[in-house]
Amino acid sequence: MIPPGFEYYAPTSVNEATALLKQHGADAKILSGGMSLIPLMKLRLATPRYIIDINRIPDLDYIREANGFLKIGALTRESDLERSELVRSKYPILIDTSSTIADPLVRNMATVAGNLAHGDPANDHPATMLALEAQVVAVGPKGERRIPVSNFFTGILSTALSADELLTEILIPIPPAGSGGAYIKMERKVGDFATAAVAVQLTIGADGACERAGIGLTNAGPTPVRAKKAEDVLRGRKINDEVIRQAGQLASEESDPKSDLRGSAEYKRDLIRVLTARAIRRALERAGNGS
Ligand SMILES: Cc1cc2nc3c(=O)[nH]c(=O)nc-3n(C[C@H](O)[C@H](O)[C@H](O)COP(=O)(O)OP(=O)(O)OC[C@H]3O[C@@H](n4cnc5c(N)ncnc54)[C@H](O)[C@@H]3O)c2cc1C
């Protein structure tokens, strides 16, 4: 199907883009990689009257560490993450996540920021960013604000971004020594959205006890889910088989998946239990403390 007509803008600065957002409000949509927006427009499930294409704004395409954060600019593509030596060496959880998204053609276009801004609980980065306790930087006519990812997802396909705000940057706290993370996804076939997936990020102290635990779940409810009870059971303890079993069980209980073509709710809840345990083990290995 052909999308209905729209007016097209190609601003060359963040200020210009946010001024256009302010002018056109909810009738406008940002276009970054277009890998979610364009299919929705072709199905006429999204019918924006104004498209604001941010691809000509310079200096939004970067991956760098500064001031205690890994900073990912709004025009960083999935394929940029995969090619980044910094990400490959220090943030394998991001490679786990990115490499399971769609196919290389989609990943050459799709942005990490768009993956979050779309607000889809089936997208893969939200769970990982929850586990990493990331923040997003939103810029609007009133200035700039930081939003913790744990407060970002407000409903199905909706986020805490106002209609006049642009997501310009993702901030991931640089993990301290003894940290490791993993994202494990079950998909029906390569490139599919997750039946369910789990992200785990751990920090293990010198005494072998877990100092920090972040767990995020994909396709496990109307919004990406942070499995707080499962995190709590890990924190402060030496992680052994019994602790892992408890965390998997709690994550499963915290999930609220729906039955669909990918499986029944019961199957998905059990999958979350199993994937949580596997992701904890892989995160432990990467933290250098696992068996
Ligand atoms: C065949 C196919 C398979 C896919 N499989 C997967 C998968 O397995 N896992 C997965 O996670 N995703 C999957 N996707 C979705 C794809 O990864 C997402 O579309 C992409 O990450 C969204 O980023 P984008 O840059 O393409 O955003 P766009 O499509 O350009 O935008 C998506 C939404 O976010 C808004 N937006 C985008 N950028 C910003 C910004 N900087 N500030 C404010 N709002 C913004 C747009 O207005 C729009 O509402 C698939 C897509 C396709 C086409």
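These figures come from a predicted structure and were not determined experimentally. The residues of the chain are indexed from 1 along the displayed sequence. Scope of the values below: all heavy atoms of this structure, side chains included, with no hydrogens, waters or symmetry mates. One-based numbering, in listed order, for ligands and for the atoms of each.
- Taking every heavy atom of both residues into account, L261 and R188 meet most closely at O-NH1, 4.1 Å.
- Each of the atoms 7 (C), 8 (O), 9 (N), 10 (C), 11 (O) of ligand 1 lies under 4.0 Å from some heavy atom of D124.
- Distances between N or O atoms of V106 and those of ligand 1 include no value under 3.5 Å.
- Classification of E242 and R245 as a salt-bridged pair holds, one side-chain N sitting under 4.0 Å from a carboxylate O.
- No hydrogens or angles considered: nothing links the side chains of D124 and T218 as a donor-acceptor pair under 3.5 Å.
- Between the side chains of Y183 and T100, no donor N or O sits under 3.5 Å from an acceptor N or O.
- Looking only at protein heavy atoms, the nearest one to atom 3 (C) of ligand 1 is A102 CB, 3.4 Å.
- The shortest N or O to N or O distance between L166 and ligand 1 is not under 3.5 Å.
- Listed by number with element, the atoms of ligand 1 under 4.0 Å from a non-hydrogen atom of I101 are 6 (C), 7 (C), 8 (O), 9 (N), 10 (C), 11 (O), 12 (N), 13 (C), 17 (O).
- Checking only distances, I30 does come within under 3.5 Å of ligand 1, N or O to N or O.
- In terms of polar-atom proximity, defined here as any N/O pair under 3.5 Å, D103 makes no such contact with ligand 1.
- Atoms of ligand 1 lying under 4.0 Å from at least one heavy atom of N115, given by number and element, are 10 (C), 11 (O), 12 (N), 17 (O), 21 (O), 22 (C), 23 (O).
- Under a 4.0 Å criterion applied to the non-hydrogen atoms of T111, ligand 1 contributes the atoms 21 (O), 23 (O), 24 (P), 25 (O).
- Heavy-atom distances between K185 and ligand 1 reach below 4.0 Å in at least one pair.
- Listed by number with element, the atoms of ligand 1 under 4.0 angstrom from any heavy atom of A117 are 34 (O), 35 (C), 36 (N), 39 (C), 44 (N), 45 (C).
- At least one N or O atom of S36, backbone or side chain, sits closer than 3.5 Å to an N or O atom of ligand 1.
- For the pair I54 and ligand 1, the shortest N or O to N or O distance does not fall below 3.5 Å.
- Screening E7, M41, H24 against I51 for a side chain to side chain contact (heavy atoms under 4.5 Å, CB included) leaves a single residue, M41.
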